Each structure stands twice: as structure tokens, then as C-alpha cells.
Amino acid sequence: MNDSPPRLLLVAACALVDSGGRVLIARRPDGKAQAGGWEFPGGKVEAGESPEQAVVRELREELGVEPCEQCLQPFAFASTTLEGGRWLLMPLFVCRRWDGFVDPKENQQIAWVRPERLSDYALLPADRPLAAELRDRLAGEKVS
Ligand SMILES: Nc1nc2c([nH]c(=O)n2[C@@H]2O[C@H](COP(=O)(O)OP(=O)(O)OP(=O)(O)O)[C@@H](O)[C@H]2O)c(=O)[nH]1
């Protein structure tokens with residue numbers, strides 16, 4: 001029996017929401033853990049970073065967009081086990097305003113998805129409750 005406590009992995013992620021109320025998800029590229037699963041853009045929070053700073057950096061690196069930290073709205077979080085004895089703690093922010101155009105930098109497939117259709121995608125397990133929360137809280141919004 002392994003009694004060692006799970007190692008905490010702090011990851012920060014962001015749901016970009018466009019003016020039509022659609023949410024951006026990305027497919028994890030080959031070579032990464034859980035490749036092929038759909039996720040919210042983001043990544044590990046590095047030493048000395050806040051979750052907000054990590055999201056800004058990851059959105060810049062992965063998608064070439066520049067949100068301002070003040071535009072990141074804390075939305076929900078995931079707290080769950082991952083393979084390898086790690087515990088994932090992942091705040092999810094919502095962002096509706098950013099500079100630049102989404103341009104996947106890591107050859108990752110992306111999709112803009114109505115919140116009620118997120119469950120049609122093979123989301124990572126930790127993201128499924130977050131997608132349900134987005135559906136419940138964003139789906140009623142007016143679509144332009
Ligand atoms: N970015 C992101 N990671 C998620 C989500 N859901 C989820 O379980 N994860 C997990 O959180 C961890 C994040 O790692 P990552 O590989 O994206 O982080 P990173 O970009 O800093 O990775 P790197 O070390 O390869 O540069 C992975 O184990 C990933 O499977 C999500 O919605 N977004």
C-alpha cells in the first residue's frame with residue numbers, strides 16, 4: 001500500500017468566450033499527457049507566478065492572444081486525482097476580451113463550441129464538471 005500523499009499539481013486554465021457566447025477548447029497534441037483529449041487552454045503554474053500570470057503566459061504561448069489580467073474572471077475549479085499519484089488543482093477563468101487573433105501555436109486543433117455542446121467532445125475527465133458549469137451558467141446568454 002502506498003501511503004505517500006498525492007503531489008499537488010497546480011494548473012491554471014481559461015475559457016475564452018467569444019461575442020457569440022462560444023467557448024474555445026483545444027485538443028491536446030500528440031506527445032503530451034492525455035493526448036487527444038479536449039481541454040481548456042492553460043498549463044502548469046510556474047514558481048513565482050500567480051494563476052492569472054500563468055494563464056496570460058499560456059494563452060500567449062499556445063494561442064498567440066494577449067488577455068489582460070483584469071479580464072480574467074474566476075469561474076470555477078477542478079480538484080481531482082490524476083494518474084501518477086498527482087492531485088490536480090485547477091482554477092478555471094473566463095475571459096471575454098483579449099488582444100490578437102487566436103492562432104494555435106502548437107499545431108493543436110481548436111474548436112469554438114456553444115456551452116451546451118461541450119459535452120459532445122471528449123473532454124479531459126477533470127474538465128467535464130467545468131463544462132457542465134459553463135453550460136448551466138453561460139448557455140442562456142444572448143448569441144450575436
Ligand atoms: N491546460 C490544461 N490542463 C489540464 C486541463 N484539464 C486537465 O486535467 N489538465 C491536466 O493538467 C496538466 C497540465 O499540464 P500541461 O501539459 O497542459 O501543462 P504545461 O503546458 O505547463 O506543460 P508542459 O510541462 O508540457 O510545458 C496535465 O496533466 C493535463 O492533463 C485543462 O483543461 N487544461
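Throughout, residue positions are numbered sequentially from 1 according to the sequence presented. Start at 1 and go down the list; that is how both ligands and their atoms are numbered. Bear in mind that the values here come from a model prediction, so they are computed numbers and not experimental data.
Taking each heavy atom of C71 and R97 in turn, the nearest pair found is CB-O, 3.8 Å. When all heavy atoms of V56 and E69 are compared, the closest pair comes out as CG2-CG, 3.9 Å. Between L88 and A126 the shortest heavy-atom distance is CD2-CB, 3.7 Å. The two residues F77 and P91 make their nearest non-hydrogen contact at CB-CA, 3.9 Å. Counting all heavy atoms, side chain and backbone alike, L123 lies closest to L118 at CD1-O, 3.7 Å. Here the closest heavy-atom approach between residue C14 and residue V94 is recorded as SG-C, 4.5 Å.
Among all non-hydrogen protein atoms, the one lying nearest atom 20 (O) of ligand 1 is K32 NZ, 3.3 Å. Regarding atom 12 (C) of ligand 1, its nearest protein heavy-atom neighbour is V11 CG2, 3.7 Å. Closest protein heavy atom to atom 3 (N) of ligand 1: E39 OE1, 3.4 Å. Atom 9 (N) of ligand 1 has as its closest protein heavy atom L124 CD1, 3.8 Å.
Distances from ligand 1 to the non-hydrogen atoms of E61 include no value under 4.0 Å. At least one heavy atom of R28 sits less than 4.0 Å from an atom of ligand 1.
For ligand 1 and A126, the ligand atoms under 4.0 Å from any heavy atom of the residue are 8 (O). For ligand 1, the atoms lying closer than 4.0 Å to a non-hydrogen atom of E58 are 20 (O), 21 (O). For ligand 1 and F40, the ligand atoms under 4.0 Å from any heavy atom of the residue are 1 (N), 2 (C), 31 (C), 32 (O), 33 (N). The ligand atoms of ligand 1 that sit less than 4.0 angstrom from a heavy atom of Q34 are 28 (O), 29 (C), 30 (O).
One hydrophobic cluster holds both F75 and L130 under the rule that ILVMFWY side chains link at heavy-atom gaps under 4.5 Å.
Heavy atoms of L88 found under 4.0 angstrom from ligand 1 belong exclusively to the side chain. At a heavy-atom cutoff of 4.0 Å, ligand 1 is contacted by both the backbone and the side chain of K44.
Proximity of a side-chain donor or acceptor of Q108 to a complementary backbone N or O of P41 within less than 3.5 Å is not detected. In this structure, the side chain of R135 does not engage the main chain of S119 through any donor-acceptor pair within 3.5 Å. In this structure, R114 contributes its side chain and R22 its backbone to no donor-acceptor pair below 3.5 Å.
Within a 4.0 Å radius of atom 6 (N) of ligand 1, the protein contributes at least one heavy atom.
Distances between N or O atoms of M90 and those of ligand 1 include no value under 3.5 Å.
For atom 31 (C) of ligand 1, the nearest non-hydrogen atom from the set L89, L10, D127 belongs to D127.
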